[in-house]
Amino acid sequence: MPVAINQRSQQNRWWTFMARTVGICDIRREAVDLFFTQGFHAVSLRKLASAVGLEAGSLYHHIDSKQELLFEIVEEYEATLLHKVKAKSRNATDREQQLRVYVTNYISFMLKNRQSCVLSARELHALTDAQRERVLALRRNQMAILVAILGVSDCADIARLINVVRSMLVGVIDWLPQDGADIGKATNDICRIILATISPQ
């Protein structure tokens, strides 16, 4: 009996140590991988906790819920993407150069964060209405930068144009290699299609 008690005591100390050393970044990183490979609904909190070396109950010291965790992952991805395209596009001069910079950095960021990109598209339905609207607002802001670059804010069919362009950009993730070997060609093709679609300004 003393041996069993000692083993239990050691185990409790281990869980306490892990709870202190595992941070939200570790949990998010593991969650992205699990949600991506197995699907959001297939991953239980127990499975996530086990992956980071915690007991399921200890997760609640770091997150409010699995849904909130997904939202934080998706929101961070979309917000950082917005920051990247906004900052980079400002440094270009003429419209075609700005467009090329925008497209290149949009694609580059997606490739570096492929799993989060897929989660943002695939698991959006799993969020609450309010969470989903916050994500969609970030996407609208990303596209607003593109609209400003192209100077087509008064285009009659601007909504359709934005949807087509965003579909092209996000669709690149399905065929472009992880190392971005063909990113130059992808950028050229997308820019050519966009410029051919809009009327000269």
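Computed from heavy atoms alone, side chains included, the values below leave out hydrogens, waters and symmetry copies. Bear in mind that the values here come from a model prediction, so they are computed numbers and not experimental data.
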Heavy-atom closest pair, residues L138 and A79
CD1-N, 3.8 Å
So does S116 get a backbone contact from the side chain of S120, meaning a donor-acceptor N/O pair under 3.5 Å?
no
For the backbone of L127 and the side chain of R132, can you confirm whether one donor and one acceptor N or O come within less than 3.5 Å of each other?
yes
To check you understand the geometry: which heavy-atom pair defines the closest contact between L82 and V85, and what is its length?
O-CG2, 3.3 Å
Using the side-chain contact (heavy atoms from CB on, under 4.5 Å) rule, take R139 and L124 through it: C-alpha gap first, then chi angles, then the decisive distance, then the call.
CA-CA 12 Å; R139 292 181 182 177; L124 192 64; 3.8 Å; yes
What residues, two or more places apart in sequence or in another chain, satisfy salt bridge (Lys or Arg N to Asp or Glu O under 4.0 Å) together with R28?
E72, E76
Indicate whether any N or O donor in one side chain lies under 3.5 Å from an N or O acceptor in the other, for E68 and Q131.
yes
Rounding to 0.5 Å, atoms CG (L146) and CD (Q98) come to a distance of 10.5 Å
Distance col, row L69:CG vs D64:CG, nearest 0.5 angstrom, shows 10.0 Å
What's the separation between atom CG in L111 and atom CD1 in I173, rounded to the nearest 0.5 Å?
5.0 Å
If every non-hydrogen atom of V52 is compared with every non-hydrogen atom of I27, which pair is closest and at what distance?
CG1-CA, 4.1 Å
R134 side chain to E75 main-chain N or O, any donor-acceptor pair under 3.5 Å?
no
Between K185 and D182, does at least one N-O distance fall below 4.0 Å, as a salt bridge requires?
no
Begin with the C-alpha distance, continue with both residues' side-chain angles, and end with the deciding distance and a verdict on side-chain contact (heavy atoms from CB on, under 4.5 Å) for V164 and T197.
CA-CA 10 Å; V164 169; T197 302; over 6 Å; no
Which residue pairs pass the side-chain hydrogen bond (donor to acceptor under 3.5 Å, both in side chains) test with at least one member in residues 140-150, sequence neighbours excluded?
E78-Q142, E133-R140
Nearest 0.5 Å, please: how far is CD1 in I183 from CE in M110?
8.5 Å
For F71, give me all partners under ring-ring contact (aromatic ring centres under 6.0 Å, His included), at least two apart in sequence or on another chain.
none
Hey, does the side chain of D26 reach the backbone of G23 with a donor-acceptor pair shorter than 3.5 angstrom?
yes
Any donor and acceptor pair, going by atom type alone, linking the side chain of R122 with main-chain N or O of F36 inside 3.5 Å?
yes
Does Y77 have any ring-ring contact (aromatic ring centres under 6.0 Å, His included) partners at least two apart in sequence or in another chain, and if so, which?
F109
Sequence neighbours excluded, every pair satisfying side-chain hydrogen bond (donor to acceptor under 3.5 Å, both in side chains) that has a member inside residues 30-43:
D33-Q115, Q38-K47
Would K66 pass as a cation-pi partner of F40, given that its NZ or CZ must be under 6.0 Å from the six-membered ring centre and within 45 degrees of the axis?
yes
Please round to the nearest 0.5 Å and tell me the distance separating atom CD1 of I190 and atom CG of L169.
5.0 Å
Under 3.5 Å: donor-acceptor pair, side chain of S58, backbone of L54:
no
Option passing side-chain contact (heavy atoms from CB on, under 4.5 Å) with E96 (candidates I194, L195, I149)
L195
By side chain to side chain donor-acceptor pair (under 3.5 Å), S44 pairs with (sequence neighbours left out) none
Interatomic distance, R29 atom CZ to I73 atom CD1 [nearest 0.5 angstrom]:
11.5 Å
